[in-house]
Amino acid sequence: MDKRVCVIGCGYIGLPTSAMFASSGCDMLAVDLSEKVVDNLNAGRITIEEPGLAELVADAVAAGKLRAALAPEPADAFIIAVPTPFVDDGSRACDLSYVMAAVESVLPVLEEGNLLVVESTIAPRSIDDFVVPAVEAAGFRVGESVFVAHCPERVLPGKIIYELVHNNRIIGGVTPACTAAATELYRTFVVGEILQTEAKVAELSKCMENTFRDVNIALANELAMVCDELDIDCLEVIRLANKHPRVNLHTPGPGVGGHCLAIDPYFICAKAPETAKLIKLARDINCGMPEFVCGKVDAHFAARGIAPKSAKVVALGVTYKGNIDDCRQSPAMDAIALLEERGYSVAVFDPHVEQYGCSDPKVLFEGADLAIVLTDHNEFKGDALGEFVAAMRTPIIYDTRNIVSTELVGAQVYNFGNGYEF
Ligand code: SAJ
């Protein structure tokens, strides 16, 4: 008999995962709280954008292998792929409320021999301390009558379908029997390596992957500020240091955004606040970058005797990184808010975000005293801004992403390499 799998959460991870299982022969039920999402799915349509996903879903629905509902139904395996934001109370602990609500929704239909997997990124020990007790309170013995595992997603939006199949996959069970059951399930479509471990190791590994990147970016950002103070070309320092075979300094910028790097490190800090000092400091450094960037803008205008209220700034980019439309936790947004708070008149342009698009961007540059590049979109790279700078009152570009050609004709370009002059 084909395996029946029920996925809770039809977002960027849950939906592609459902489609992959369905196209590998499983009988899939995709569960979501939104009636609109459920109705659309049952009609073979999707409400999120991801290359290749629409076709996969349409085919699976047409083949009768994928169906959507508002609540879980009996199945062989349940997979939870719901959001885990941080608690907005200063602790920034992992907010498990969506995950636990999903677990509670599964319990009434959970049967002996079933497997329950959490894919959502969660703080270390969440499975052992919260999920297992909830399942056992319903009368099951984890590792004996039901099996529970954490199997974190690690896919990159835009490449999800490929990465779901080919990335290696960490599977952390509560017991070895749980790990074995989850491994058998994911082998349905994963061709990448399956790395077996305990649930708590899987949880912390996932959080640490993003923390590693956050801490390294903080180091690069700190270097940029040290170079600013000491009048040293930061980009040249990085270029030369990275010639060492074991050094890989990251790229400084206006801060770190997105729903992963800017969130997951806090899950560790909240669990071990006295100990996770470096992780917290890295977060603080990265969160302080929009302020640093705005401080440079202030100094620039102060040196020219121009008050913020008399200055027009064009902000280029609002998304958290280049060539995407995602503004979650975006440092560009923070920098824009800070500039506005100080009294600057800010014109915002982002060709990837409908609200900030503009059919004739030149108009935004008219009479501007400064353009500040906050996101590394292709549309701003090299000499792409050349056609707009002539419209500025003073054609000066502050490039916090180091992507604009410093040879750009008709403009003076400053970045983290020569920013100290700025
Ligand atoms: N950034 C810098 N300097 C750098 C690199 C990045 O300032 O040298 C900034 C970016 O501009 C952006 C932020 O960091 O604001 C995060 O961007 P990213 O490309 O590093 O990561 P995400 O958040 O898009 O995706 C990450 C990935 N994790 C790792 O690379 C360890 C991805 O593989 C994960 O699946 C994803 O998080 C997730 O869902 O956890």
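Each ligand, and each atom within it, is numbered from 1 in the order the structure gives. Position 1 is the first residue of the sequence; numbering continues from there.
For ligand 1, the polar-atom distance check against L156 finds no nitrogen or oxygen pair separated by under 3.5 Å. Between G257 and ligand 1, at least one N/O pair is under 3.5 Å apart. Among the atoms of N210, some N or O lies under 3.5 angstrom from an N or O of ligand 1. Taking only nitrogen or oxygen atoms, main chain and side chain alike, R213 reaches within less than 3.5 Å of ligand 1. Residue R154 has at least one N or O atom closer than 3.5 Å to an N or O atom of ligand 1. For the pair E209 and ligand 1, the shortest N or O to N or O distance does not fall below 3.5 Å.
The residue among T211, I217, I160, D326 with a heavy atom at the shortest distance from atom 9 (C) of ligand 1 is I217.
More than 12 heavy atoms of other residues, nucleotides or ligands lie within 6.0 Å of CD in E421, so this atom counts as buried by the packing criterion. Atom CZ of F301 has more than 12 neighbouring heavy atoms from other residues, nucleotides or ligands inside a 6.0 Å radius. Shown here is Y420, whose OH atom has more than 12 heavy atoms of other residues, nucleotides or ligands within 6.0 Å. With a 6.0 Å radius and a threshold of 12 heavy atoms from other residues, nucleotides or ligands, L33 has its CG atom at or below the threshold. By the 6.0 Å contact criterion, CD on E340 is enclosed, its count of non-hydrogen atoms from other residues, nucleotides or ligands being greater than 12.
Under a 4.0 angstrom heavy-atom cut-off, C260 registers as being in contact with ligand 1.
Between F388 and F365, the ring planes lie parallel to each other; the angle is under 30°, not in the 30° to 60° tilted range.
Between R213 and N216, the closest side-chain pair of non-hydrogen atoms is not below 4.5 Å. With contacts defined as side-chain heavy-atom distances shorter than 4.5 Å, the pair C260/T121 does not qualify.
Heavy atoms from both the backbone and the side chain of T251 come within less than 4.0 Å of ligand 1. In R328, neither the side chain nor the backbone holds a heavy atom less than 4.0 Å from any atom of ligand 1. Residue contacts with ligand 1 for V155 involve N, CA, C or O but no side-chain atom from C-beta outward (heavy atoms, distance under 4.0 Å).
Looking only at heavy atoms of the protein, atom 16 (C) of ligand 1 is closest to L261 CD2, 3.6 Å. Among protein heavy atoms, atom 11 (O) of ligand 1 sits closest to R401 NH1, 2.7 Å. At the top of the distance list for atom 19 (O) of ligand 1, counting protein heavy atoms only, stands K321 NZ, 2.9 Å. Counting only heavy atoms of the protein, atom 22 (P) of ligand 1 lies nearest to Y320 OH, 3.7 Å.
With respect to S24, the side chain to side chain contact (heavy atoms under 4.5 Å, CB included) criterion is satisfied by exactly one of T188, V165, V5, V190: T188.
Listed by atom number, the atoms of ligand 1 under 4.0 Å from E153 heavy atoms are 39 (O). The distance from ligand 1 to the heavy atoms of K206 drops below 4.0 Å at these ligand atoms: 38 (C), 39 (O), 40 (O).
Look at E203 and K271 and you find no salt bridge, because none of the NZ, NE, NH1 or NH2 atoms lies under 4.0 Å from a carboxylate O.
Side chains of S91 and D89: a donor-acceptor N/O pair is present below 3.5 angstrom, by distance only.
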